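Here's the structure we're looking at; comments come further down.
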Amino acid sequence: MIKLILSDIDGTLLPFGEHVVSERTRRAIALANEAGIVCGPCTGRVYGQLPPLFANESACTESAVATNGSQVFLRGKKIEEIIIPYELLCALKSEVERIPRCGMLVFKDTTPYLVAGKREDLGLHFPSYADICIPVSQMPTHPVVKTNVFMAEPEQGTRAVIDHLNRCVDGLDFDYPRVGFSNVMLSGHNKATGIDTMVKALGISYDEVVVFGDAGNDLTMFSKVPASVAVAGATPEAAAAARYHIGACEDDSVACAIEMLAQNIWPFSS
């Protein structure tokens, strides 16, 4: 019997360009929770961004691993939150400012502050943040859970910048979720550690967990959870790391699998 189901959002539950997951996906998550399975998102997005993505249906987001493991919520209660130290943010800002057409965002709740770089470069790969970001000249002093680095680069250039930051900035880790963008985590914290927090809180084993994903920031949870599932169209690294494979995000493939799991039916084949 599966007791925990977690899924990435962008490209896994939510097709790129859409703003709300499908009604079928929302029903499937509710069905799993009604069956006694803790089910929710595992995402790089900050927790406050999640409710609108699920049409504000609270049952879909009361349990979640957010901000790549830096925020963990279980049945409506926050059980972990990792704050990035101010001095590390300042060190990252200094390094980012040395890289042409590279920039940095820090978030206060759901509001992105542009602390380095240009709005037009951010808009190349993440226009939704470019539209609402607030440029500031100094690093804000409020507690920061979520920060991102962006770069006006294609895939190869994006990976090169991320590799450089992982070599040169101590205390922080950088992943590759999509072209032109990187999630920033306190070293040693990621989706896998967030799932570990939830598994321990539930008192279950990893054999009772299923995770779904499609990209580089899902690799840590794919390596941790035996029942790791990639959707069609996943990045080559994510597809190779996953044990199981299903159809496309656009076809509600994750919703279909969750529906079956909620009925204690195993939907995957090797």
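If you're wondering where the values come from, they're calculated on a predicted model, not measured in any experiment. The basis for the numbers below is simple: all heavy atoms, side chains too, and nothing from hydrogens, waters or symmetry mates.
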Taking Glu95 first and then Arg98, would you say they form a salt bridge - that is, a charged N and a carboxylate O separated by under 4.0 Å? yes

Evaluate the side-chain proximity of Pro226 to Tyr206: yes if any heavy-atom separation is below 4.5 Å, no if none is. yes

Residues Lys200 and Asp196 bridged, charged N to O under 4.0 Å: yes

What I'd like to find out is whether the side chain of Leu165 reaches to under 4.5 Å of the side chain of Ile99, using heavy atoms alone. yes

For the pair Leu4 and Met198, evaluate side chain to side chain contact (heavy atoms under 4.5 Å, CB included) and give the outcome as yes or no after the intermediate values. CA-CA 9 Å; Leu4 174 63; Met198 190 173 285; 3.5 Å; yes

Quick one, Val96 with Val115, criterion side chain to side chain contact (heavy atoms under 4.5 Å, CB included). Give me CA distance, side-chain angles, the key distance, then yes/no. CA-CA 10 Å; Val96 164; Val115 300; over 6 Å; no

Heavy-atom side-chain contact between Cys256 and Arg24 under 4.5 Å: yes

Paired with Lys191, the side-chain hydrogen bond (donor to acceptor under 3.5 Å, both in side chains) test is passed by just one of Asp218, Thr67, Asp175, Thr220, namely Asp218

Looking just at side-chain N and O atoms, do Thr197 and Glu80 make a donor-acceptor pair shorter than 3.5 Å? yes

Would you say Val231 ends up clustered with Ile258 if hydrophobic residues are merged whenever their side chains have heavy atoms under 4.5 Å apart, either directly or through other cluster members? yes

Is there a side-chain contact between Pro267 and Leu261 in this structure, where contact means two heavy atoms from C-beta onward sitting under 4.5 Å apart? yes

Testing the basics here: between Arg45 and Leu14, what is the closest heavy-atom pair and its distance to 0.1 Å? NH2-CD2, 4.4 Å

Are Phe107 and Tyr113 near enough that their ring centres are under 6.0 Å apart? no

Short N-O contact, Arg75 and Glu62, less than 4.0 angstrom: no

4.5 Å side-chain heavy-atom contact, Leu202 and Lys3: no

Begin with the C-alpha distance, continue with both residues' side-chain angles, and end with the deciding distance and a verdict on side chain to side chain contact (heavy atoms under 4.5 Å, CB included) for Leu105 and Leu114. CA-CA 5 Å; Leu105 299 170; Leu114 183 66; 3.8 Å; yes

Is a side-chain N or O of Ser228 found less than 3.5 angstrom from the main chain of Arg243, in a donor-acceptor match? yes

Thr158 side chain to Pro154 main-chain N or O, any donor-acceptor pair under 3.5 Å? yes

Could you measure the distance from the CD atom of Gln71 to the CD1 atom of Ile79? Nearest 0.5 Å is fine. 12.0 Å

Test item: Glu259 and Ile265 side chains (from C-beta on) under 4.5 Å apart, heavy atoms: no

Carboxylate-amine/guanidinium contact Arg159 Glu237, below 4.0 Å: yes

Flag the pair Asp121 and Arg101 as a salt bridge only when some basic side-chain nitrogen lies within less than 4.0 angstrom of an acidic carboxylate oxygen. yes

Here's one to test your reading of the geometry: is the NZ or CZ of Arg178 within 45 degrees of the ring axis of Phe126 and under 6.0 Å from its centre? yes

Atom CG of Asp214 and atom OG1 of Thr12: how far apart are they, to the nearest 0.5 Å? 3.5 Å

Measure the CD1-OG1 distance between Ile9 and Thr43 for me, rounded to the nearest 0.5 Å. 4.0 Å

To the nearest 0.5 Å, how far apart are CD1 in Ile246 and OG in Ser253? 5.0 Å

Spacing of CG belonging to Leu92 relative to SG belonging to Cys168, to within rounding of 0.5 Å: 11.5 Å

Is it true that Leu74 and Met221 fall in one hydrophobic cluster, defined by side-chain heavy atoms closer than 4.5 Å? yes

Using side chain to side chain contact (heavy atoms under 4.5 Å, CB included), reason through Val46 and Asp109 one step at a time and then give a plain yes or no. CA-CA 7 Å; Val46 69; Asp109 298 322; over 6 Å; no

Does some side-chain heavy atom of Pro85 sit less than 4.5 Å from a side-chain heavy atom of Leu186? yes

Side chain proximity check, Phe73 to Lys78, heavy atoms < 4.5 angstrom: yes

Tell me whether the count of non-hydrogen atoms from other residues, nucleotides or ligands lying under 6.0 Å of CD in Glu87 goes above 12. yes

Going from CG on Leu13 to CG on Asp252, what distance comes out if it is rounded to the nearest 0.5 angstrom? 9.0 Å

Is it true that Ile29 and Ile195 fall in one hydrophobic cluster, defined by side-chain heavy atoms closer than 4.5 Å? no

I need the minimum non-hydrogen distance between Asn68 and Gly44, along with the two atoms involved. ND2-CA, 3.3 Å

Kindly assign one of parallel, tilted or perpendicular to the pair Tyr244 and Phe268, based on the angle between their ring planes and the thresholds 30° and 60°. parallel

Side chains of Asn217 and Asn190: do they bring a donor and an acceptor to under 3.5 Å? no

NZ/NE/NH1/NH2 to OD/OE distance under 4.0 Å, Arg119 and Asp131: no

Hydrophobic cluster membership, Val211 vs Val72, 4.5 Å side-chain cutoff: yes

Is there a path of hydrophobic side-chain contacts, each under 4.5 Å between heavy atoms of I/L/V/M/F/W/Y residues, joining Ile162 to Ile84? yes

